[in-house]
Protein chains: 2
Amino acid sequence: MDTQQAYRELARLCKVLAHPTRLQILDILRRGDECVCHISAVTGKRQAYISQQLMILRAAGLVAACREGLNVFYKLTDPAVLPLLEEYLGKADERHRPEQCRCPKCTGTLSESPCSERR
Amino acid sequence: MDTQQAYRELARLCKVLAHPTRLQILDILRRGDECVCHISAVTGKRQAYISQQLMILRAAGLVAACREGLNVFYKLTDPAVLPLLEEYLGKADERHRPEQCRCPKCTGTLSESPCSERR
DNA sequence: ATTCAATATTCCGAATACTGAATGTAGTAT
DNA sequence: ATACTACATTCAGTATTCGGAATATTGAAT
């Protein structure tokens with residue numbers, strides 16, 4: 001009875017996805033890698049809270065972190081969630097650019113592709 | 001800001017899916033409509049517990065019930081979950097047929113297509 | 001009307017998750 | 001060394017969920 005294991009694993013994945021803020025983070029990251037402060041600015045949530053949710057996503061293997069100087073950039077690591085997001089949230093359009101964001105990507109002071117950014 | 005609503009709704013759906021027994025029920029139903037006692041037999045869980053989970057699935061609009069004499073048959077109503085199940089659980093193979101099941105479908109005493117069974 | 005079988009609902013203690021506040025860590029600059 | 005910035009972790013109170021037990025409802029048969 002190994003299918004039980006499959007149910008448990010899929011349930012664990014769904015549990016991680018069953019959270020509006022975490023979904024929004026994934027939605028942000030499918031537009032490109034972003035640092036914590038940018039995610040915080042886009043969502044309007046405090047940094048500590050975002051860090052918490054990122055930890056959960058990281059533990060589930062959905063995202064990975066890599067440090068770039070002072071900032072930590074996150075990227076999607078599980079390509080299987082992309083079709084799910086597309087089906088329910090639509091195609092990813094352009095990147096968000098909040099007013100008050102001071103991250104290197106938003107201010108244009110990025111020191112060339114952070115941690116081998118995809119595409 | 002209507003995307004927040006989309007995140008909330010998708011999160012609500014994922015929350016319903018984030019449960020091994022409920023996933024197994026959906027996995028059973030994608031092989032065809034089944035009555036509660038059959039689901040109970042396949043999963044090995046008590047009837048009351050299955051009814052509980054079915055209520056949650058029903059409230060989420062994922063399944064619908066229809067009575068056929070003494071039995072109540074359940075069917076999938078949201079076709080959007082099928083690709084998700086296929087991606088993570090594989091193609092649905094043949095129907096389960098537990099030894100101790102006394103449901104009309106298993107004993108072959110079904111009075112012609114219950115509630116307009118699909119296919 | 002009574003009984004039975006199939007299913008549905010309610011209740012409750014235990015476990016788990018959520019979320020804000022406070023604090024800790026790591027890298028950079030002076 | 002100190003200060004600062006960006007991020008991570010821990011803690012605690014609250015809310016929610018889990019899963020079993022008991023009970024209710026519904027339809028069929030006698």
Side-chain angles (χ1 to χ4, degrees), chain A residues 7-8 11-12 14-25 33-60 63-75 100-107 109-111 114-115, chain B residues 7-8 11-12 14-25 33-60 63-75 100-107 109-111 114-115:
Chain A
Y7 297 137
R8 272 194 298 270
R12 203 152 8 108
C14 288
K15 188 174 282 192
V16 174
L17 296 178
H19 193 288
T21 301
R22 289 198 287 270
L23 285 174
Q24 186 173 13
I25 291 174
D33 305 351
E34 298 290 355
C35 66
V36 178
C37 90
H38 180 82
I39 298 172
S40 174
V42 174
T43 59
K45 311 278 180 167
R46 311 183 178 192
Q47 172 270 318
Y49 185 56
I50 295 301
S51 252
Q52 246 173 198
Q53 305 304 337
L54 282 171
M55 179 171 49
I56 294 170
L57 291 170
R58 199 159 11 97
V63 305
C66 79
R67 179 174 281 274
E68 182 70 16
L70 210 50
N71 303 282
V72 174
F73 281 79
Y74 278 84
K75 64 174 66 175
Q100 73 284 30
C101 189
R102 292 277 156 267
C103 85
K105 241 180 155 177
C106 281
T107 56
T109 60
L110 190 57
S111 58
C115 309
Chain B
Y7 297 136
R8 273 195 297 270
R12 206 156 1 112
C14 288
K15 189 174 281 190
V16 173
L17 296 178
H19 192 288
T21 302
R22 289 198 286 271
L23 285 174
Q24 186 172 14
I25 291 174
D33 305 350
E34 298 290 355
C35 66
V36 178
C37 91
H38 180 83
I39 298 172
S40 174
V42 174
T43 59
K45 310 279 180 165
R46 311 185 176 189
Q47 171 272 319
Y49 185 54
I50 296 300
S51 250
Q52 226 171 217
Q53 306 305 335
L54 283 170
M55 178 171 50
I56 294 171
L57 290 170
R58 200 160 9 97
V63 305
C66 79
R67 179 172 282 273
E68 182 70 14
L70 210 50
N71 303 281
V72 174
F73 281 79
Y74 278 84
K75 65 173 66 175
Q100 73 286 31
C101 190
R102 292 277 155 268
C103 85
K105 241 180 154 177
C106 282
T107 55
T109 59
L110 191 56
S111 58
C115 310

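Bear in mind the structure is a predicted one, so any value in this text is a computation, not a measurement. Residue numbers start from 1 in every chain, and the chains themselves are labelled A, B, ... in the order their sequence lines are given, proteins ahead of strands.
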Tabulate atom names and distances for all N/O pairs under 3.5 angstrom spanning the protein and nucleotides 12-14 of chain D.
none

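The OH-P distance, from A/Y74 to D/dC7, rounds to 9 Å in whole Å. One can place CG of B/L70 at 5 Å from C1' of C/dA5, the figure rounded to the nearest angstrom. Distance B/I39 CD1 to C/dA6 C1': 13 Å, rounded to the nearest Å. Look at CZ on B/R67: it is 14 Å from P on D/dT25, rounded to the nearest Å. The nearest whole Å value for the distance from the CZ atom in A/R8 to the C1' atom in D/dG19 is 16 Å. Summarising the geometry, the separation between CE on A/M55 and C1' on D/dA6 is reported as 16 Å, rounded to the nearest angstrom. Rounded to an integer number of Å, the gap from CD of A/E34 to P of D/dC7 is 11 Å. Between A/N71 atom CG and D/dT5 atom C1' the separation is 9 Å, expressed in whole Å.
How far SG of B/C66 is from CZ of B/F73: 8.0 Å, rounded to the nearest 0.5 Å.
The heavy-atom pair separating A/V42 from A/Q24 by the smallest distance is O-NE2, 4.3 Å. Nearest heavy-atom pair, A/C35 versus A/N71, reported as atom, atom and distance to 0.1 Å: CB-CB, 4.0 Å. The heavy-atom pair separating B/A11 from A/L23 by the smallest distance is N-CD1, 3.4 Å. Looking at every heavy atom in both residues, A/P20 comes nearest to B/R8 through CG-CG, 4.0 Å. For the pair B/A60 and B/V16, the tightest heavy-atom approach, listed with the atom from each and the gap, is CB-CG2, 3.8 Å.
With a 4.5 Å cut-off on side-chain heavy atoms, B/C106 and B/H38 count as touching.
B/R58 comes within 4.0 angstrom of sugar-phosphate atoms only, judged by non-hydrogen atoms across all strands, and of no base. Note on B/C35: only backbone sugar-phosphate atoms sit closer than 4.0 angstrom, heavy atoms only; bases stay farther off.
For A/S51, a side-chain nitrogen or oxygen approaches OP1 or OP2 of D/dA8 to under 4.0 Å.
Each of B/T43, B/I39, B/T21 was scored for a side chain to side chain contact (heavy atoms under 4.5 Å, CB included) with B/Q53, with one residue passing: B/T21.
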Item to check | Derivation of the side chain to side chain contact (heavy atoms under 4.5 Å, CB included) call for B/R58 and B/Y74 | outcome: CA-CA 9 Å; B/R58 200 160 9 97; B/Y74 278 84; 3.4 Å; yes

Checklist outcome for this item: A correct 5'-to-3' footprint of nucleotides 18-23 of chain C, with B, S and - meaning base, sugar-phosphate only and no protein heavy atom under 4.0 Å, is SBBBB-

